[in-house]
Structures are given as C-alpha cells and as structure tokens.
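To start, the structure itself, in structure tokens.
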Amino acid sequence: MLDQRLVRNQPDTVAALLRRRGMEVDLSGLQTIASRQRDLEEHRSGLQAEGNRTGRAVAALIRTGARPDSDAVTALREQGNAIKRQVAQLEQEEHQLDAALRQQLLAYPNLPAPECPEGASEADNVEIRRWGEPRRDEAFKQHWELAETLGLFETERSVRIARSRFITLVGDGARLERALISFMLDLHCGRGYREVLPPVLVNSASLTGSGQLPKFAEESFRCSDDDLWLSPTAEVPLTSLHRGELIASEALPLRYAAYSPCFRREAGSYGRDTRGLIRLHQFNKVELYWFCHPDSSGQAHQQITADAEAVLQALELPYRVIELCTADLGFSAARTYDLEVWLAGAGTYREISSCSNCNDFQARRSAIRVKEGKRNRLLHTLNGSGLAVGRTMAAILEHYQQPDGSVAIPTVLQPYMGCEQLRSCC
RNA sequence: GGAGAGGUGGCUGAGUGGUUGAAAGCGGCUCCCUGCUAAGGAGUUACAGGUGGCAACACCUGUCGAGGGUUCGAAUCCCUCCCUCUCCGCCA
C-alpha cells in the first residue's frame, strides 16, 4: 500500500513514479479525499476534546455535592448531547472517507525503486549475468516426452481426477519431486533459513496483506463458504506470519524457507504451456522470505537472489539472471530479479524464480514494524522462489537427458533419490 | 458439533460507571551505589492518527479481542461477531 502521507503531500512525485510503471494516473481525487479526511479528523478530535471537558465538568460538579438533576448538571448534559450529535455526524463522514481512501490506496501497486531500469515492456528487462553452459542439441527432447517414456506422471488421468492443468506425479516422478523439495529445504536451512510449513488455505486479510487482494481475486481459487482461499504462493502465509507485529530490531533479519503447494487459476493463459510441468493450477514451490531492517533491504535483495541461485548452482543447471524493468514489475515489488533456467529441450530460458524487494509495501498493508530505540518503523519484506519445484524437475529432465533416453540424477540429489539415473522401468 | 470459562500493556495479573492509558509484580532501559560478581536505591518504560517544532519534545483524539449500542461520562452495562482454554462428541 502506498503511504497516504506521501500521496497527500507529494501527489506529483507518486504519479511520476507510477508513470515509470506505465500507469497514467490522476491522483488529485485521492489527494482530495486524503486531505478532507485529515481536516475532518482534526475537527472531530477538537469536538471530542470539548465533550471530554464537559464530562469532567459534570463529574466535578457531582463530586462537590451538586445534585444530578440540578440545573447546572442538566445544562452540561445537554451541551454534551449536542456535541455528541455533531461528533456522530462527522464520524460517519470520516468513516466513509477512511474506507474510500483505503480501498483506493490498496489498488495501487508499489512504486519502483530508483535503481529499477525503466522500460515499456518485458522486452526492456535487463540481463545481469549468466551461469553455466546451456546444452544445445536439436535432438533434445522436451521434458514431457521424457516423462512419458520414464513413466513420471499421469496427464489424462489427472483430468479425470481434477481438470486440465493438474498433474499427478507417479513413481520416480513423485519421488524426484519429493527429493527436490527436501534438497531445497535442507540447502536453505543450512544457510540460516528457518523452515516453515504454512497453512495452504489463507484468509482474505492475508491475501490483502501481501498484495493479491483486492485487485487479483480472479487469480486465486476461493472457498467462498469460509472466507478462505487456496494460497497462490507461500509468500502469502509468510507475510502474515508476523502481520500486526512489532519486532525488535535485534531479531532482524527473520529469514524463512517454506515449502507449499501453490494454486493459481492462470486466467488468460489458455493455450499457453498446455503440456508438461510449466504452467499448472497446482504446483510445488519452496519460497524464501525475509523480514529485514528498512536500511538493509537492498543488500538483503542481493542475498536472497544469491540464495535462490545456490539451488541452481548445486543442481548444476545453467541459468541467467534478469532484472525486471519498471513495466514488468509485479504488483508488490519495487525491484525484482528473475532467475531463468535453461530448458535444453525447449531450447530457451524459462523463469524458475522471482526474487523481489517489496520494501515497506507489504509491511504497511500488514502492519509489520520494527522497534528501533524509541522509534517504530515499517520493516521491509523480500521474497524469492527457491525454487519452483515442477519447473526445476522439467529443467533437470531436459538438461540431464542422455542419448539412450535415460536421465542422469544431479550428484547432490542422488542421496535423496537413492539412484544415479532414471530409466524406463516398464 | 454440544456444554462451560475467558480475551486488559513485552509478560503475569488487579480493576463492575467519573483525572483508570490503566494498580501491583516480573522483564527492559537510564542513572546512582558497591574492587568484580551478587545484591541494593532512584527514575523511566504501550500503540495509532493528528497539530506545532530543525529537533529534543509538547499538546489533542482514539485504542483494555473486533464492531455497534446505552450514558454528560464505559476496561466496567447491553447486542453482534471473532478468537483462546477446559470437558464431551467426531476424526487423521
């Protein structure tokens, strides 16, 4: 959520920053509401002060022996009633303004960081670095072809169970998925992250706190009887893990690694990535999440990205790091690095992780602050996939495929798999 | 799901209509004292919004689970909701 003080005092600055994201907005209406709300609050609290004085005057009179039904007391009571009526009227208007203000503020995305490269579309994203050597061979198969030979998942039968864009992993496929999850969690926990296994159903307040609501309701599956939603990413429960809290600065940074299944409607992606593990309504992900001091989130962003890269490096999968330009930033992010893994079969780099600094955007929505001496400040939050598990499996299958149709298991995964390669079993 | 109990500051826990934003204790912080340690003494210690000030800070309003209501005045009375605990039932 944007800082309403910033909107009130410097609407032009805010509008200019939103313009960098490609949004043409007129904030004058919002500013008017914010200013009126403040004026109203000032007026109302002054009246309430007067009412409080009236109440104290009654108490003083009664204490000094005046009868409760005496003229002096009656007069004060009427005065109190008159004030109360005025306050009630002002409060009603103020509540309406509060609600309108919050509703509008919640709909605006985060402001891009100054370092975020300007751009008009994803074509303007900037490649930062590459790691590893992509394997290129026209004969390479795509991961779903390999998976079919190896018997790793069921496609048609998954439609029977749920519907399209759901997958059922079986045999070595199921085992490989589980191995990847364990491996990623072990790696991150060894590097200082605390493991979390969060609820998969989350309430509306949690989705609002991390930025999915109110704008992106159509992207999530909803259990409408209960004000619960299937979480689209562990970022949602992790943000709300500390929602409403005031945290001692010595406790920061808090770093969490959470495995969770993720559920997304993928509205508007009909026909894209219809085969394989790339785009599903349900997928597994290990998510990294930081609550950090507002002065150190820039550094933290480099670190969380490096932590996600560590997974790809350990698996020896070639990838590149892309910095998203202002036009391609997610709603809550001020700055984002995407990791794109090389898919040898598809012959292309595909997003496998997104590491974002959300600065105080989610912290303001979720009221998460740090206590620093006498002062309280909103802290900063960062999130990064470490990694999307299904896409990691796809990359492994394509990168480690052998001419004989088998797939080698990366060395670090072998203890988790109990084998060195996947072969057609049946 | 049924029956009961309860939600007060960082924590424990008083408080049933009038300077109670809240006793007391613990914890934290500052200072003093004592070779060190232990112990002791004094003070201080909630959050949000707003106004003024360069600032330290001062002042106003709100907040005792949330939202309504009664009253000149509510932590305290009434209503609704949420949550926690205990017992029973059900269940992996």
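To find a chain, count down the sequence lines: A is the first, B the second, and so on, and within it residues start at 1. Computed from heavy atoms alone, side chains included, the values below leave out hydrogens, waters and symmetry copies. Just so it is clear, the model here is predicted, and its values are computed rather than measured.
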How many Å lie between CD on E94(A) and P on C60(B), as a whole number? 18 Å

Distance, P atom - from G25(B) to G43(B), rounded to whole angstrom: 12 Å

Rounded to whole Å, please give me the gap between CG in L90(A) and P in G62(B). 14 Å

Short side-chain N/O contact to A48(B) OP1/OP2 from R369(A), under 4.0 Å: yes

How far, in whole Å, is U44(B) from U86(B) if one measures between their P atoms? 40 Å

In whole angstrom, give me the gap between the P atoms of C91(B) and U12(B). 36 Å

Rounded interatomic separation in angstrom, taking CZ from R63(A) and P from U19(B): 8 Å

Which base sits across from A14(B) as a Watson-Crick or G-U pair, both distances under 3.5 Å? none

Residue matched to U76(B) through Watson-Crick or wobble contacts both under 3.5 angstrom: none

Looking at the side chain of A49(A), which of G73(B), C60(B), G50(B) is the nearest nucleotide? C60(B)

In whole angstroms, the gap separating C1' of G49(B) from CG of L47(A) amounts to 17 Å

Base, sugar-phosphate, or nothing for Q48(A), non-hydrogen atoms under 4.0 angstrom? sugar-phosphate

Write down the distance separating the C1' atoms in C64(B) and A23(B), rounded off to the nearest Å. 14 Å

Whole Å only: how far is the CG atom of L246(A) from the C1' atom of A46(B)? 9 Å

Between C72(B), U51(B), C47(B), spot the one nearest the side chain of E42(A), thanks. U51(B)

Where do H242(A) and Y256(A) land on the ring-ring contact (aromatic ring centres under 6.0 Å, His included) test, with the steps shown first? CA-CA 12 Å; H242(A) 292 294; Y256(A) 296 105; 5.7 Å; yes

Please give, in whole Å, the distance from U61(B) C1' to R38(A) CZ? 15 Å

P-based separation of A74(B) from G69(B) [nearest Å]: 12 Å

Row check, Y193(A) ring normal vs R255(A) NZ/CZ: under 6.0 Å, within 45°: yes

U70(B) pairs with which nucleotide, Watson-Crick or G-U wobble, both distances below 3.5 Å? none

Q86(A) CD - C72(B) C1' separation (whole Å): 15 Å

Please figure out whether K371(A) or S45(A) has its closest RNA chain B nucleotide nearer the 5' end. K371(A)

Which atom pair, heavy atoms only, marks the closest approach of L40(A) to L90(A)? CD2-O, 3.9 Å

Quick one: which of G49(B), C72(B), C47(B) gets closest to the side chain of R5(A)? G49(B)

Which listed nucleotide (G68(B), U61(B), G18(B)) is nearest to the side chain of A59(A)? G18(B)

When you measure from the side chain of N52(A), which nucleotide among A48(B), G62(B), U51(B) comes out closest? G62(B)

5'-most contact on RNA chain B: G51(A) or H95(A), nearest heavy atom basis? H95(A)

Would you classify R8(A) as touching base, sugar-phosphate or nothing, given that sugar-phosphate means primed atoms plus P, OP1 and OP2, and contacts are heavy atoms under 4.0 Å? sugar-phosphate

Any base atoms under 4.0 Å from I62(A), or only sugar-phosphate, or nothing? Heavy atoms, all strands. base

Taking only the C1' atom of each, what is the distance from U37(B) to U16(B) in whole angstrom? 49 Å

Parallel, tilted or perpendicular: which fits the ring planes of H281(A) and F221(A), with parallel below 30° and perpendicular above 60°? perpendicular

Heavy atoms only, 4.0 Å cut-off, all strands: where does R56(A) land among base, sugar-phosphate and nothing? nothing

Kindly state whether the ring of H380(A) and the ring of F291(A) have centres lying under 6.0 angstrom apart. no

Watson-Crick or G-U wobble partner of U37(B), both distances under 3.5 Å: none

Could you check if a side-chain atom of H301(A) sits within less than 4.5 angstrom of a side-chain atom of T305(A), using non-hydrogen atoms only? yes

Taking atom P in both G62(B) and G1(B), compute the distance separating them and give it to the nearest angstrom. 38 Å

Using atom CD of Q37(A) as one end and atom C1' of A48(B) as the other, report the distance to the nearest whole Å. 12 Å

Integer angstrom distance from the C1' of A75(B) to that of G18(B): 14 Å

Identified pairing partner of A23(B), criterion: Watson-Crick or G-U wobble below 3.5 Å: none

Hunt down the Watson-Crick or G-U wobble partner of C59(B), both distances under 3.5 Å, from any strand shown, or write none. G50(B)

Determine whether the aromatic ring centres of residues F283(A) and F263(A) are separated by less than 6.0 angstrom. no

Under 4.0 Å between a side-chain nitrogen and a carboxylate oxygen: does that hold for D295(A) and R377(A)? yes

Searching all strands shown, indicate the nucleotide that pairs with U84(B) (Watson-Crick or G-U wobble; both distances under 3.5 Å). A5(B)

Who does C29(B) pair with, Watson-Crick or G-U, both distances under 3.5 Å? G43(B)

